[in-house]
Asks: 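One structure coming up, written as structure tokens, with questions to follow.
Quick note: numbers below take in every heavy atom, side chains included, and nothing from hydrogens, waters or symmetry partners.
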Protein chains: 2
Amino acid sequence: MRKAQYTMQDIANQLGISKSTVSRALKNHPDISQETKDAVNKLAEEMDYQPNSLALSLRHKKSFVIGIIVPEIVHDFFANVISGVQSVAYEEGYNVMICISNESPEQEEVDVKAMYSSRVDGLLISLTKETKKLKHIESIVNKGVPLVMFDRVSENINVSKVITDDFQGAFMATDHLVKQGCKKIVHLSGPDNLSISSLRLNGYKDALSKNNIPVDDNLIIPCPEGTLSEATKTMKSIINSNLEFDGIFANNDVTAIGAMNALKELGKKVPEDISIVGFGDWRLSQLLDPPLSSIEQSGINIGVESAKLLFKQIKEEENDKEFTPITKVVQNNLIERKSSIK
Amino acid sequence: MRKAQYTMQDIANQLGISKSTVSRALKNHPDISQETKDAVNKLAEEMDYQPNSLALSLRHKKSFVIGIIVPEIVHDFFANVISGVQSVAYEEGYNVMICISNESPEQEEVDVKAMYSSRVDGLLISLTKETKKLKHIESIVNKGVPLVMFDRVSENINVSKVITDDFQGAFMATDHLVKQGCKKIVHLSGPDNLSISSLRLNGYKDALSKNNIPVDDNLIIPCPEGTLSEATKTMKSIINSNLEFDGIFANNDVTAIGAMNALKELGKKVPEDISIVGFGDWRLSQLLDPPLSSIEQSGINIGVESAKLLFKQIKEEENDKEFTPITKVVQNNLIERKSSIK
DNA sequence: AAAAATTGCGCAACCGATTGAAAAGTTAGG
DNA sequence: CCTAACTTTTCAATCGGTTGCGCAATTTTT
């Protein structure tokens, strides 16, 4: 029993009126008589009429869709961001179109173009790790599409941005370890080319200095891949090298977990012998044994803030106001769990 | 330096030709002279012209967008499904619009309507846990929109479906435990109202029977919430009740982890004393200590299969062929890790 | 050189809604 | 009974592309 897809014209034809009357009737326009409105609404209901928003978008030059491009989706952080964005978008009556760049700059370019082709009313984007050229971003910004970058942002373009305070997060993590009595804190650092790595490293160093603990470069150990096996391997070799330490601040949770597994395997106790704090607070972290302390980067918050900023911008552009890009820094929270409490 | 949004008419005006010529020139239509084509292409490039796909969609009654509605996105399984869907969609030249119903049937209804309003060319959907009425689904199906349900499907509607073989997965998990020498296997079961719970329970029972082990109802312990705390609490009370058992097959990974943590806390060794297998193979499972054996429900596969089925249907409808709904069952894999290997 | 074929391009309708302005239709006032 | 003043409805343009058809201008054929 397949129904057709009805249009206003169909309703108009059946009632012997014009489609403009139908349009106004459905919108409860005062010009239309109650009688006509009732008839139109009744028939629309019967036909299960639903408006074609493509036509609307074309007419109004407004699609009520915002786009979001993320490098990955199987990732708690980005999934949370999307979730936050969605909640704001729903409230504003917008739909969300999602593209996944898969960490590929080429895909990212294609995605941005597709988003523009669909005439999204605004775009949220977190760059791939490899993105160097920003022509595609400039192009869409020049066309007047409101754009907000989040988390993985670029300094080379003047748009609104929402980032987390990596420095502050690292500072809190390290400071917490010191407060727990740690004197020699290892930092498992991330890849050099990402600014978040250096920010976290600096936060670590600053926290030590503020606590009058000298920074020892031997305690700063690179784990650029950020994989479990790398961390496990690295940690084992550190332990075997007899380096003395009593705490670990890892660049991310996976690294922390790898380190923790290595420690346990070699008979070290967490947190009694070594306290550990990670970064990112993946969902799994609280499920570990012992549960891992971590810096919570609230993806939801970032999503919400980014979306809010985007809608603010969309509204100002609609009113032809000048919009000056803003950078919003979202603070992180330290989630204290057993892995760091002595 | 804000550029405007140019249309074909703008190009036509600048070159003193008509927009139909521009349209054909850009599509490399044979009717147009090379000279004109070159001029058009050059100007289009300069203006950074990008077509408005809303207009295209309206004209062709085809949006080149497919929709997907998931109950959650901060969830490895659904994130993987989306990822699989995206990859197929990209190949087909389609964009993906995602809605998150947040386990709310009301939201789901709104989402389906929004998808139809946007005139998606097809829709993928996994129902919320609470969805009872299917009017919204029937409505969009009746309008001729190809639709495929995945994972959380309903038996009360005749559409294509992609599901995992929960029975088979549970069977494999249980059989594996038996092969490892377990004689008394506890099943931590899921909520009664979901068919996946009963399928998994039946798989468990069947595996025992096939191995000539009697099913003992005392060993079937409900963990309907599927939360960590519930599982931990439940497991502790079981141990304290002195119930004898040497293996656990949990309805999902979180439950398995909760149980594992409880066991370790009460001095039981995994896998030596008790072997454990979970279900779902969350990303975290391999990071645990010991890594958790689990049934991998390949979200990516389900996404890929669902999308393929959808595109098949889209193509057949385009050719006015009759399409008979298909149900595709995707097999699960047992991922053997330390938690179950004696 | 006239007729036929080919080439290159423009006109106008169309997709499905919105909306200002014009045109009916209705009622009231003089 | 005529006109002004409403009320209600229709017309037609518009959004940005696509496309069948027609029409010149040019080239080829006879």
Asks: Applying side-chain contact (heavy atoms from CB on, under 4.5 Å), can you list everything that pairs with A/Glu72, at least two apart in sequence or on another chain?
Replies: A/His75, A/Phe78, A/Glu103
Asks: Name the residue closer to the 5' end of DNA chain C, choosing between B/Ala55 and B/Gly16 according to the nucleotide with the nearest heavy atom.
Replies: B/Gly16
Asks: Closest nucleotide of DNA chain C for A/Gln50 versus for B/Val22: which of these residues is on the 5' side?
Replies: B/Val22
Asks: Are any of the side-chain heavy atoms of B/Lys143 and B/Ser139 separated by less than 4.5 Å?
Replies: yes
Asks: Does a side-chain N-to-carboxylate-O contact under 4.0 Å join A/Lys42 and A/Glu46?
Replies: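 So A/Lys42 pairs with A/Glu46 through a salt bridge.
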Asks: Please list, in 5' to 3' order, the outermost nucleotides of DNA chain D lying under 4.0 Å from any heavy atom of chain B.
Replies: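 Taking any atom under 4.0 Å from a heavy atom of chain B, the span is D/dG16 to D/dG20.
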Asks: Using a 4.0 Å cut-off on heavy atoms, which residues in residues 23-35 of chain B reach DNA chain C? List them by number, or say none.
Replies: B/Arg24, B/Asp31, B/Ile32, B/Ser33
Asks: Please indicate whether A/Lys62 has more than 12 foreign heavy atoms, meaning atoms of other residues, nucleotides or ligands, lying under 6.0 Å from its NZ.
Replies: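 Yes - once you tally the heavy atoms of other residues, nucleotides and ligands closer than 6.0 Å, there are more than 12.
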Asks: Side chain to side chain contact (heavy atoms under 4.5 Å, CB included) for B/Leu310 and B/Val85? Distances and angles first, verdict last.
Replies: CA-CA 10 Å; B/Leu310 186 68; B/Val85 169; over 6 Å; no
Asks: For A/Tyr6 and C/dC15, what is the distance between atoms OH and P respectively, to the nearest whole Å?
Replies: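 Taking OH of A/Tyr6 and P of C/dC15, I get 17 Å after rounding.
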Asks: Testing the 3.5 Å rule here: is there a donor-acceptor pair between the side chains of A/Glu45 and A/Asn41?
Replies: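 No, no side-chain donor-acceptor pair sits under 3.5 Å.
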Asks: For a quick check of understanding: with a heavy-atom distance under 4.0 Å over all strands, which category does B/Leu54 fall into, base, sugar-phosphate or nothing?
Replies: nothing
Asks: Under a 3.5 Å distance rule, please check whether B/Asn102 uses its side chain to pair with a backbone N or O of B/Ser104 as donor and acceptor.
Replies: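 The answer is no, because no donor-acceptor pair under 3.5 Å joins these two groups.
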Asks: Mind checking which stems touch DNA chain D? I mean at least 3 consecutive Watson-Crick or G-U pairs, both distances under 3.5 Å.
Replies: C:1-30 with D:1-30
Asks: Report the distance from atom CD1 of B/Ile17 to atom C1' of C/dC11, rounded to the nearest whole Å.
Replies: 15 Å
Asks: To the nearest 0.5 Å, what is the distance between CG (A/Asp151) and CG (A/Leu124)?
Replies: 12.5 Å
Asks: Would you please confirm or rule out a distance under 4.0 Å between OP1 or OP2 of C/dG16 and any side-chain N or O of B/Lys61?
Replies: yes
Asks: Just call it for B/Ser18: base, sugar-phosphate, or nothing, with non-hydrogen atoms closer than 4.0 Å on any strand.
Replies: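 Counting heavy atoms under 4.0 Å across all strands, the contact made by B/Ser18 includes a base.
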Asks: Side-chain contact, heavy-atom cut-off 4.5 Å: A/Lys113 with A/His136?
Replies: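 Counting from C-beta outward, A/Lys113 and A/His136 never come under 4.5 Å.
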Asks: Determine, stepwise, if the pair A/Asp38 / A/Gln34 fulfils side chain to side chain donor-acceptor pair (under 3.5 Å).
Replies: CA-CA 6 Å; A/Asp38 290 345; A/Gln34 195 55 48; 3.0 Å; yes
Asks: Return the orientation label for the B/Phe64 and B/Tyr94 ring planes: parallel under 30°, perpendicular over 60°, tilted otherwise.
Replies: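 The arrangement is tilted - the two ring planes meet at 30° to 60°.
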Asks: Near DNA chain D, counting only heavy atoms under 4.0 Å, which residues of residues 36-43 of chain A show up?
Replies: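 Residues of residues 36-43 of chain A that come under 4.0 Å of DNA chain D are, in numerical order, A/Thr36.
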Asks: Using the rule given for side chain to side chain contact (heavy atoms under 4.5 Å, CB included), can you reason through B/Lys328 versus B/Lys308, listing the C-alpha separation, both sets of side-chain angles and the distance that settles it, and then say yes or no?
Replies: CA-CA 11 Å; B/Lys328 175 138 195 162; B/Lys308 279 188 183 166; over 6 Å; no
Asks: Is the terminal nitrogen or CZ of A/Arg119 (NZ for Lys, CZ for Arg) located under 6.0 angstrom from the six-membered ring centre of A/Tyr116 and within 45° of that ring's axis?
Replies: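 Output yes; distance and angle both within limits.
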Asks: Mind calculating the distance between CD (A/Gln9) and P (C/dC15) to the nearest angstrom?
Replies: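 Distance check: A/Gln9 CD to C/dC15 P gives 9 Å.
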Asks: CG of A/Leu56 versus P of C/dC15: gap in Å, rounded?
Replies: 17 Å
Asks: Applying side chain to side chain donor-acceptor pair (under 3.5 Å), can you list everything that pairs with B/Thr7, at least two apart in sequence or on another chain?
Replies: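 By the side chain to side chain donor-acceptor pair (under 3.5 Å) rule, B/Thr7 matches B/Asp10.
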